Structure formats: C-alpha cells, structure tokens
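Working notes, structure below.
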Amino acid sequence: MRSYRTLFRTPEFTPFLLSFAAFAAAQTIGGLALGTLVFRATGSPLLSAVSMFGPQLAQLLGAAFLLSGADRLPPRAILSGLALAFAAGTAVLALPGLPVAAVFAVLLAQGLVASLGGGVRSGLLNEILTKDGYVLGRSVFNMLWGLMQVAGFATGGALLTLLAPRTCLLLAAALYAMSALATRLGLTARPPRSSGRLSVSVTWRTNGLLWSARPRRLTYLGLWIPNGLVVGCESLYISYDPGAAGTLFACAALGMFVGDVAVGRLVPPALRPRLAVPLRLLLAAPYLFFVLRPGVTLAAVAVAVASVGFGASLVLQERLMSLTPDDLAGHALGLHFVGMSTLQGVGAALAGMVAQLTSPAAAMTVLALGSVTVTLTLSALGRNEAQRRGSVSVRV
C-alpha cells in the first residue's frame, strides 16, 4: 500500500483517524493550559514540565500490570472508555482552587488508564490495514498528531491570551468526549486479538519475552531514550519563554509533520533502515544551539529542524514489527508506547530539575548532548550485534 488514496478507502480508517484527531487536539490544548496554570501558580520550571509530561511516568505502572489487555480486551470499548476517562479527569483539573497535589493525583490516574491506549490503538491499526500499509498508515497518524499539535498549541496559545487556563481545560474535556463519541459510532465492535483475560502474570511474561531478544531490546532503547531526552527539552518551552511557548510547540509539531511525510511517503522502503541513526542525531543536535540562548525566531527554527528527526520512530517501529510475532503486535507496540511515554516523563522531570538548578537553556543543551551520546552508543552496539550474528552464520 503506497498511496494515500488506497489508505483512505480502507474501511474504518477514516473514522479511526478522526477520533484520534479529537483526542490529540484535546491533549495539546489541555497540556498547554495545565502547564501554564501550574507555572503561574508555582513559578517552578520543574512542576510546569512535570505537569505536562509527568503523567506519562505513571504509564510504567500500567505496563507492569495492565498491558496484556492490549490484545485481550475489545478495542472499541477500551478506546471509548479511555477518552471518557480523560474527559472526566480534565474537567476535574479545571475546578477552581484545586491544590497542586490534587492536580498531580488526577494526572497519575490519567497516566495509569492511558497505558492501554497506545497498544490498543496501534494493534487495531494493524488489524484495519494490511501489513504493507502499516508504515504509511502510522505515518498518517504521526502527521495528524503533528498537525493537531501545530493547531492545538497555536490555538491554545491564542486562547490563553483571551481565556483563563481553566476554560481551556474545559474545552479540552469536550474534545475528549467528542473522541469517545467518534470511536463508538465510527468503529465496529471487534473481538480481542488474543483469548484470555487481562492478567498481571501474562503481562510480565510477555514483557520478558519481548525484552529477551537483543535486537528487539536495542530497538526499544532506540525508540525510547533519545526521544525522551528531546521531549525533556520541549517540556521547558514554557519556562524558557512563557509568551512564546505556543509558537515553539507549534514549530516543533510542524517539523515532526515534515519528517513523517518524508519517511512515510517519500523515502523508498529499502532506504528507510539507513536513516534511523541520522534522524535520531538530527532530533537532538539543534538543541545544542540553545547554549547561546537564542531569541524566539532562531529558537523556533531550531526546534522545527530538530523535530524532523522524530521520523526515526517510523523506521524503528517498522523494525520492531519485523522482529515481533503477529499475535503479539498489540502488546509489543503497547510496550513501546508505554516505554516511550515513561522515558518522556523521565526526560521532562530531569529537564525540570536541571533547569531549576541552572537555567532552561542550559538544561536543553545538557539533555541534547545526552541524546546524541545515547544514539551513538546504541548505533555502535547495533553494529557489534550485526557483526556477531554474521560471524555465527558463517561458522554455522
């Protein structure tokens, strides 16, 4: 499947895409509003960063206990329920006078229920599309996520100049409810991909199986750590320049959109595997420029160029699927999204702590340097693994 026309003619793909669009718009508008609300209340770069990305840390608990449900629960019901849970939680966050501790309690609960979302959504996409259409379909989802971030952060930034952050949170709650409705009406009720009930023991056993193979392990680490450190840089946009945060987020999303279009539609399949390392280096390198504390215009250009590197995720997801049995696709992708979300939360917390001790610009530079170092290290380990497997093949 190499054309968008064929992709959008696939039954259920369009309503699935629209429900995700509403969810993504809610997440961006709500996240910016909440981060701004917390920063205004506390003046803390750490708490502001963690309020936007910290809930993703809670997904680690979900991965430990709930992830087997990605293949063992009916996908339409789970995705509808997830959107409704986020709508209710976001409405609670809009309550006047809510203590900061209560804010983080709600975010913890949202992170726990979100741990199922990535695996269920990606596993369902794998069912809706043929195997050769997954990368193109996934790239469309990533592009849509980028567009919703551009629109959401730009709209959210504009709304925050006119409305209170709590009003913007209520708007986000309404968008989550729309996502639930679109999922319920637009998708058919499908049975779970695997038999059996949600089980903690099965979750642990399958996680161990997926993690046990060194090629998959290196792929997971490549998907998680460089990405997470760069998201840590992004989490500091509000404290770096509160008035321009919406612009920086929108430019980052625009760069991600360009990267996904290029990798998903323009790059030949045979060339894609070679781009994993260069794209991950591109993802981090422009943030080294922040050591000079650039103004808004130069900072916006830097983050837009850097975010093209998020296209590496498509390359590595394709590699992960080639290394994973079909009946574990949902669980494998769920583990990826939970791990990625968790490392993004870690990156945000780490960035906030460094910024608290130094400055947002210095913290961005440090995390970018860490991302480049991890990418080069994983690349060297991957080459050593390929040489080792090659030597084993020759001996056999």
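Residue numbers count from 1 along this sequence. For clarity, every value in this text was computed on a predicted model and none was experimentally measured. Just so you know, these numbers use all the heavy atoms, side chains as well, and skip hydrogens, waters and symmetry mates.
Side chain of Thr183 to main chain of Ser19: no donor-acceptor pair is present (N/O by atom type, distance under 3.5 Å, no hydrogens or angles). A donor-acceptor pair under 3.5 Å is formed between the side chain of Thr28 and the backbone N or O of Ala25. Ser307 places a side-chain N or O within donor-acceptor distance of the main-chain N or O of Ala252, the cut-off being under 3.5 Å. Within the 3.5 Å criterion, the main-chain N or O of Leu323 finds a donor-acceptor partner in the side chain of Arg216. In this structure a side-chain-to-backbone donor-acceptor pair under 3.5 Å is missing from Thr10 to Phe13. Under the 3.5 Å distance criterion, the side-chain polar atoms of Tyr220 are matched with a main-chain donor or acceptor of Ala332. No donor-acceptor pair closer than 3.5 Å links the side chain of Thr324 to the backbone N or O of Met321. At least one donor-acceptor pair closer than 3.5 Å links the side chain of Ser212 to the backbone N or O of Leu209. Ser322 contributes a side-chain N or O that, together with a main-chain N or O of Arg319, makes up a donor-acceptor pair within less than 3.5 Å.
Contact annotation: the side chain of Val303 never approaches that of Phe289 to less than 4.5 Å [non-hydrogen atoms, C-beta and beyond]. Annotation: side chain of Thr219 is not in contact with side chain of His336 (no heavy-atom distance under 4.5 Å). For the pair Val230/Tyr287, a side-chain contact is recorded, criterion being any heavy-atom separation below 4.5 Å from C-beta on. A 4.5 Å side-chain heavy-atom check between Pro165 and Leu34 finds every atom pair outside the cut-off. For the pair Val231/Leu343, no side-chain contact is recorded, criterion being any heavy-atom separation below 4.5 Å from C-beta on. Leu175 is listed as a side-chain neighbour of Met178, based on a closest heavy-atom distance under 4.5 Å. Leu32 has its side chain within reach of Ile238: a pair of non-hydrogen atoms, C-beta onward, lies under 4.5 Å apart.
A continuous path of hydrophobic side-chain contacts links Leu95 to Val103 [ILVMFWY only; heavy atoms under 4.5 Å]. A continuous path of ILVMFWY side-chain contacts below 4.5 Å connects Leu37 to Leu107, so both sit in one hydrophobic cluster. Follow the hydrophobic side-chain contacts under 4.5 Å out from Leu169 and you reach Leu98 in the same cluster. Linking ILVMFWY residues whenever their side-chain heavy atoms come closer than 4.5 Å, directly or via other members, leaves Leu171 and Val106 in distinct clusters. Under the 4.5 Å side-chain heavy-atom criterion for grouping Ile, Leu, Val, Met, Phe, Trp and Tyr, Val315 is connected to Val267 within one hydrophobic cluster.
The two residues Cys233 and Leu367 come nearest to each other via the heavy atoms SG-CB, 3.9 Å. Closest of all the heavy-atom pairs between Tyr237 and Met364 is CD2-CE, 3.8 Å. Between Ile29 and Cys168, the shortest heavy-atom contact is CG2-O, 3.9 Å. Heavy-atom minimum distance, Arg121 versus Leu82: NH2-CD2, 4.3 Å. Nearest heavy atoms, Met340 versus Leu223: CG-O, 4.3 Å. For Ser44 against Phe39, the heavy-atom pair with the smallest separation is O-CD1, 3.8 Å.
Atom-to-atom distance recorded for Leu248:CG and Leu236:CG is 11.0 Å, nearest 0.5 angstrom. If you take CG on Asn227 and CG on Leu221, they are separated by 12.5 Å, rounding to the nearest 0.5 Å. Atom CD1 of residue Ile128 and atom CG of residue Leu187 lie 6.0 Å apart, to the nearest 0.5 angstrom. Rounding to the nearest 0.5 Å gives a distance of 10.5 Å between CG of Leu160 and OG1 of Thr155. Annotation: the span from Leu279 atom CG to Arg274 atom CZ amounts to 14.0 Å, rounded to 0.5 Å. Residue Asp260 holds its CG atom at 11.5 Å from CG of Leu266, rounded to the nearest 0.5 Å.
Using the six-membered ring where Trp is involved, Trp211 and Trp224 have ring planes that are parallel, under 30° apart on the 30 and 60° scheme.
For Ala304, the side chain to side chain contact (heavy atoms under 4.5 Å, CB included) partners at least two apart in sequence or on another chain are Cys251. Under the rule for a side-chain hydrogen bond (donor to acceptor under 3.5 Å, both in side chains), Tyr176 has no partner lying at least two apart in sequence or in another chain.
Using a cut-off of 4.0 Å between Lys/Arg side-chain N and Asp/Glu carboxylate O, Glu12 and Arg190 are scored as salt-bridged.
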Applying side chain to side chain contact (heavy atoms under 4.5 Å, CB included) to Thr188 and Arg76, what does each step give before you reach the verdict? CA-CA 7 Å; Thr188 58; Arg76 186 180 71 174; 5.6 Å; no
I'd like to know whether Ser379 forms a side-chain hydrogen bond (donor to acceptor under 3.5 Å, both in side chains) with Arg383, so could you lay out the CA-CA distance, the side-chain angles of the two residues, the decisive distance to 0.1 Å, and finally the verdict. CA-CA 6 Å; Ser379 175; Arg383 285 195 302 271; 2.9 Å; yes
Side chain to side chain contact (heavy atoms under 4.5 Å, CB included), that's the test. Do Leu229 and Leu350 meet it? Break it down for me. CA-CA 9 Å; Leu229 291 172; Leu350 180 61; 4.3 Å; yes
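At most 12 heavy atoms of other shown residues, nucleotides or ligands fall within 6.0 angstrom of atom CZ in Arg184.
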